Amino acid sequence: MPAPVKVYLTFDIEIWCGGWHDLDRRFPASFQRYVYGRSPAGDYALPKTLEILDRYGLKGVFFIEPLFAARFGVEHLAIIVDLIRAGGHDIQLHLHPEWADELRPLPFPGAARKRQHLAYYTLEEQIVLIRKGLELMAQVGCHPVAFRAGSFAASGDTFRALEACGIAYDFSLNETCPDCAPDLRGQADFVHPSRVGTVNSLPITVFCDGTGRLRPAQLGSCSAAELEEALLSSQAQGIGQFILLSHNFEMLRSGSSNPDGIVARRFETLCKFLAARRDGFTVATTAMLTTSKGDPEQAGLPTVGLSATLRRHGEQLVRRFAG
């Protein structure tokens, strides 16, 4: 009997203030929305994610963006970490370097110019930012061994910076994202686990949807049927891992703290599916990662049927007209 597919339920946890002006006024409400997502129906940001995971006895891998805390105080980072750590979940490092010019003092002279993607920074600057992230995480008792670049916008230098900072695992590569490591295209494997230099790379899972198009396994942009069929396809093909992405805000409607019921039900359905099939799928954390040697003979991509993809299109229409 083949080994169970290791399923990594990964969550990028970040705070945004709707722009970069008037941050001090905007931050308190933004923090409440992105961390709690309070509404009359309940708290649908982090608390709902943690509640559903706990209900089915599953653990998530939470990539937390800490640079905002250098601007607004590490006590805010501690609130996020404590919520996640209370459930025994895995905590790792995420970076959005757009915060670099908001830090005081500036981490390096060139940080005064806002740059969106980590790939826009030199190797030396990326090392400084990653070390700053690790320092902030250490202040709240976390010592990450894995990393994901904000917006998947890593570069070859990101992997060299991770090596310099002692981070062994990277989850940044995404075959479908044009901003993701264009300098590594044709060199690194953007689909299967492999090594980039000395760093173990675990790309987000990409599957062929019912129309033959590539689609990343992201909670907010796939139907539950697509995710379930992609998982079963991975199992049938002997693909050893499945890496799903979500965020702390994906169960909220855009621009508000109102719940997105479709995405919330989708996550509940997925977790119920995984909990009922523990013989075929092991929901994993970074403690279960092993060194990857890469294998050019690995299986292809998971595939899903047309009806599962049409269900996603139907859900998108409902969400759009629901406002």
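This chain uses plain numbering: 1 for the first residue, then up along the sequence. Just so you know, these numbers come straight off a predicted model, no measurement behind them.
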Pairwise side-chain contact, [X] with [Y], heavy-atom cut-off 4.5 Å (strictly under):
X	Y	value
Ser257	Arg38	no
Thr282	Met288	yes
Ile127	Leu123	yes
Leu9	Ser246	no
Lys272	Arg55	no
Leu162	Ile130	yes
Leu301	Phe207	no
Phe171	Phe152	no

Sequence-distant partners of [X], ring pair (Phe, Tyr, Trp, His ring centres under 6.0 Å), two or more places apart:
X	answer
Phe242	none
Phe249	Tyr34, His247
Phe11	Phe62, Phe267
His94	His96

For [Y], does its backbone N or O pair with a side-chain atom of [X] as donor and acceptor, under 3.5 Å?
X	Y	answer
Ser223	Ala308	yes
Arg115	Gly110	yes
Gln92	Ala146	yes
Lys48	Asp43	no
Asp90	Thr286	yes
Arg104	Asp101	yes
Ser201	Pro193	no
Arg277	Leu274	no

Considering all heavy atoms of both residues, which atom of [X] and which atom of [Y] are nearest to each other, and what is their separation?
X	Y	result
Pro144	Leu134	CD-CD2, 3.9 Å
Pro302	Ser233	CA-OG, 3.3 Å
Ser30	Cys17	OG-CA, 3.3 Å
Leu103	Ala70	CG-CB, 3.6 Å

Would you give the length of the straight line joining atom [atom1] of [X] to atom [atom2] of [Y], rounded to the nearest 0.5 angstrom?
X	Y	atom1	atom2	result
Leu306	Thr211	CG	OG1	8.0 Å
Ile13	Ile84	CD1	CD1	5.0 Å
Glu125	Phe108	CD	CZ	4.0 Å
Leu95	Glu98	CG	CD	10.0 Å
Thr269	Leu227	OG1	CG	10.0 Å

Pair Arg311 + Glu315: basic N to acidic O under 4.0 Å: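 Here Arg311 does not pair with Glu315 in a salt bridge, since their nearest N and O are not under 4.0 Å apart.
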Lys/Arg-Asp/Glu bridge criterion (N-O < 4.0 Å) met for Glu228, Arg266: no
[X]: which residues meet the salt bridge (charged side-chain N to carboxylate O under 4.0 Å, His left out) condition with it, sequence neighbours left out?
X	value
Asp179	none
Arg312	Asp209, Glu226
Arg25	Asp22
Arg26	none

Sorted by first residue and then second, give each salt bridge (Lys or Arg N to Asp or Glu O under 4.0 Å) pair with at least one member in residues 135-154; sequence neighbours left out.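 Checked against salt bridge (Lys or Arg N to Asp or Glu O under 4.0 Å) - neighbours excluded - the pairs reaching residues 135-154 are Asp12-Arg148, Lys132-Glu135.
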Could you list all the ring pair (Phe, Tyr, Trp, His ring centres under 6.0 Å) pairs where at least one residue sits in residues 119-138, not counting sequence neighbours? His117-Tyr120
Gln116 and Ser151: side-chain hydrogen bond (donor to acceptor under 3.5 Å, both in side chains), yes or no, with the steps? CA-CA 9 Å; Gln116 182 179 3; Ser151 304; 4.7 Å; no
Who passes side chain to side chain contact (heavy atoms under 4.5 Å, CB included) against Ala69, sequence neighbours left out? Leu77
Any side-chain donor near an acceptor of the partner, Ser172 and Asp170, under 3.5 Å: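 There is such a pair (donor and acceptor under 3.5 Å, judged by atom type) between the side chains of Ser172 and Asp170.
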Any side-chain donor near an acceptor of the partner, Asp183 and Ser155, under 3.5 Å: no
Does any pair with a residue in residues 59-78 pass side chain to side chain donor-acceptor pair (under 3.5 Å), and if so which ones, sequence neighbours excluded? Asp24-Arg71
Starting from the C-alpha separation in whole Å, work towards a yes-or-no answer on side chain to side chain contact (heavy atoms under 4.5 Å, CB included) for Phe159 and Leu173. CA-CA 11 Å; Phe159 288 86; Leu173 295 188; 4.0 Å; yes
Run the side chain to side chain contact (heavy atoms under 4.5 Å, CB included) test on Arg215 and Val206 for me, step by step, so that the C-alpha distance in whole Å, both residues' side-chain angles and the decisive distance to 0.1 Å come before the verdict. CA-CA 5 Å; Arg215 193 156 195 88; Val206 174; 5.9 Å; no
Stepwise ring-ring contact (aromatic ring centres under 6.0 Å, His included) test for Phe31 and Phe27: CA-CA 6 Å; Phe31 185 82; Phe27 177 75; 5.6 Å; yes
